[in-house]
Structures are given as C-alpha cells and as structure tokens.
Amino acid sequence: MTRGRRLRRAFYARSPLELAPDLLNKVLVADGCAGRVVEVEAYCGSDDPGSHAYRGSTPRTEVMFGQAGHLYVYFSYGMHWCANVVAEQPGTAGAVLLRAVTPIQGIELIRSRRPTAKRPRDLCSGPAKLTQALGIDGSHDGADLVSAEQGLTIVDDGTPPPHRPGRSPRIGLTQGADRPWRWFVEGSDDLSR
DNA sequence: CCGCCGATCTTT
DNA sequence: AAGATCGGCGGG
C-alpha cells in the first residue's frame, strides 16, 4: 500500500492559486493504484472566464462551490472524465484540475485500463488519461478526499513540492488563456502534450 | 516530432 | 455551437 499522511481539510481550504503548486508531488490514491501529481491547473470563480464556475453555480458545478477537499468530476468532449480538487471556503468557487500523474502503484491495473497507451508516458499524461487510468468517473463527483469514504484520497509521502515548479498559461482554453495558472514538475516524463 | 481532424454529448 | 480531450493518421 501507499504510505503517507492524508491531507487535512485546512490544506485544501484556501485559494486554488496557493493550493495548486502545493499539490505537486503529492500522491493521488485510488482503489488499487496511485500516482504522483506532476501537473495541475488552478480555476477560480466569478473573476475567471476560463472556469466552469464563471457564471455562477449550476447543477454541474455546484461541487465547486462546496466544501474544500472534495472532488469535482466533469464529463468532457462527450467522452472523457476530468477531476478537480475543490478549494476555498464553502460558497466561494475554486478548484485545481489534476492534469498529469506518474504511476507509482498498481501499474498492471493502470495498463489494463489504458489499452491505447503505447509507451509508459502515455498512461497518465493528461487530465482524462489519468482518470481512466485510476478508475475515476462521474460516480466520484463530490467524493470527499479527506474522509476517503469512496476510496479516493491524496497523501503526502514526504516528497516536498518542487522548490521552483515550472509554470505556464493553462492548456486548451480560449477564455482566460492568458493567466499563468498551470504548474508542473520540471523535467517529468509524464507531462501532458 | 508535429499538425490536423473526427469522435461524442453536455451545456449554453 | 463550443468545449479544462484523446488518439489515429499523414507528412517532414
């Protein structure tokens, strides 16, 4: 099993701009497998035109406005699931999109869930690849990472975030594309695109 | 390695 | 009609 200290509510309950870089090198644990977070993006609320929460709470985005430390999972392009860690205080929208992880446990299971992957770096190097690899889907929307009741959590195994993480604009956006709110582990083989 | 394009369906 | 994506295909 993956060893490490589970993150507490207070770790999540702050601005996504602060939370995002601190999630780098933490370990996302799912049922039977785990991956080290190497790439994330921050999404805010009414002040962020790139965010699903920009125009207020809807049935889809209500989790983003709820308690920090839960998972916001949405359906993308009619066929993919993407997972975000909810930040901020209840009532204020904020989340961090998990864009890439390095598989560190349950590699066989991960490979079986990612049959199109030709090389190791194809397994979890994208927001929809990692959800498929770790078995995350719409049934996990709203899952609490702090209680880990649905088998999903994030732990600190003692690996600190990078002293100086890589940083860039967010990927795949037209609105809010100027904001440098993507952070990544420089030199990782498992980054997206 | 890079760019283009189709798949597929929810949300606006 | 566009979208917080992916994978296959063709070209260099």
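Every heavy atom of this structure was used, including side-chain atoms; hydrogens, water molecules and symmetry mates were not. Quick caveat: nothing in here was measured; it's all calculated off a predicted structure. Sequence lines set the chain letters: A, B, ... in the order given, protein chains first and strands last, and positions in each chain run from 1.
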Ionic contact status for A:D144 with A:R9, cut-off 4.0 Å: yes
- prompt: Salt bridge or not for A:R14 and A:D22, using N-O below 4.0 Å?
  reply: yes
Would you check if the side chain of [X] reaches a backbone N or O of [Y] as a donor-acceptor pair within less than 3.5 Å?
{"X": "A:T131", "Y": "A:A128", "value": "yes"}
{"X": "A:R170", "Y": "A:P180", "value": "no"}
{"X": "A:T61", "Y": "A:A53", "value": "no"}

- prompt: When the aromatic ring centroids of A:H52 and A:Y74 are compared, is their separation below 6.0 Å?
  reply: yes
query: Taking the side chain as C-beta and beyond, is there a heavy-atom pair between A:L173 and A:W181 under 4.5 Å?
result: no
- prompt: Are any of the side-chain heavy atoms of A:L7 and A:V146 separated by less than 4.5 Å?
  reply: no
- prompt: Does anyone know the first and last nucleotide of DNA chain B in reach of chain A, 5' to 3', at under 4.0 angstrom to a heavy atom?
  reply: B:dC1 to B:dT12
- request: Kindly confirm or rule out a cation-pi arrangement of A:R8 over A:Y12, judged by NZ or CZ under 6.0 Å from the six-membered ring centre and within 45° of its axis?
  value: no
message: Does anything in residues 51-74 of chain A form a salt bridge (charged side-chain N to carboxylate O under 4.0 Å, His left out)? List the pairs, not counting sequence neighbours.
response: none
field: Within residues 28-39 of chain A or reaching into it, pairs that qualify as salt bridge (charged side-chain N to carboxylate O under 4.0 Å, His left out) - sequence neighbours excluded
entry: A:R36-A:D157, A:E39-A:R99, A:E39-A:R182
field: Secondary-structure stems, DNA chain C, at least 3 Watson-Crick or G-U base pairs under 3.5 Å
entry: B:1-7 with C:5-11, B:9-11 with C:1-3
statement: The correct set of residues in residues 177-190 of chain A placing a heavy atom under 4.0 Å from DNA chain B is none
task: Assess the side chains of A:S125 and A:D190: does a donor N or O sit below 3.5 Å from an acceptor N or O?
output: no
- prompt: Can you give one letter per nucleotide of nucleotides 3-12 of chain C, 5' to 3': B if a protein heavy atom sits under 4.0 Å from the base, S if only from the sugar-phosphate, - if neither?
  reply: BBBSSS----
